[in-house]
Amino acid sequence: MSDGEKDRFGDKLREVEKAREDKFFADRDRELLLKLKSPPGAQEEQSVRDLAKMRCPKCGDRLMTLTRLEVDLDECPNGHGVWLDTGELEKLSAREGSGWLSRILGRPS
Ligand SMILES: [Zn+2]
């Protein structure tokens, strides 16, 4: 590699480094602005939401996702309950025909 090539290579490396720095500071500024704009308590609220995601509301243990008959169930490993995602109950009801589940969901029998 000639000296000229080395200089150009060095310049390119510095440009890449500068671009990375610019992105880092732009990302950090964006985060800081978001924090300043968010109402008081919003961060704590988000932290609680993140911690509670996919956890049992009674014991706090992680829910296990099981698929039974093509329906996804989120179940507490300690037996406190089973949760269904939006639409899963309707899936069950559609299979059931004209039983009690369909009547609860208001489907014509
Ligand atoms: Zn539980």
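Since the structure is predicted, the reported quantities are computational estimates derived from the model, not experimental observations. Whatever order the structure lists ligands and atoms in, that order sets their numbers, starting from 1.
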Item to check | Pairs satisfying salt bridge (charged side-chain N to carboxylate O under 4.0 Å, His left out), at least one member in residues 56-66, at least two apart | outcome: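 Sorted result for residues 56-66: empty, none.
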Checklist entry - salt bridge (charged side-chain N to carboxylate O under 4.0 Å, His left out) with Lys53: which residues, sequence neighbours excluded? => result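 Lys53 satisfies salt bridge (charged side-chain N to carboxylate O under 4.0 Å, His left out) with Asp50 only.
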Item to check | Main-chain N/O of Asp7 paired with Lys12 side-chain donor or acceptor, under 3.5 Å | outcome: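 No; zero donor-acceptor contacts below 3.5 Å.
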Item to check | Leu63 and Arg55, any side-chain heavy atoms less than 4.5 Å apart | outcome: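 Not in contact.
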Item to check | Distance-only donor-acceptor check, side chains Asp72 and Thr67, under 3.5 Å | outcome: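 On atom types as modelled, these side chains qualify, holding a pair under 3.5 Å.
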Return a table of donor-acceptor pairs under 3.5 angstrom between the side chains of residues 17-31 and protein atoms on other chains or two or more places apart.
| residue | atom | partner | partner atom | Å |
| --- | --- | --- | --- | --- |
| Lys18 | NZ | Asp22 | OD1 | 2.9 |
| Lys18 | NZ | Asp22 | OD2 | 3.2 |
| Lys23 | NZ | Asp27 | OD2 | 2.7 |
| Asp27 | OD1 | Arg30 | NH1 | 3.1 |

Next on the checklist: Strictly under 2.8 Å, how many protein N, O or S atoms lie near the Zn ion (ligand 1)? Waters don't count.
Outcome noted: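 N, O or S atoms of the protein closer than 2.8 Å: 4.
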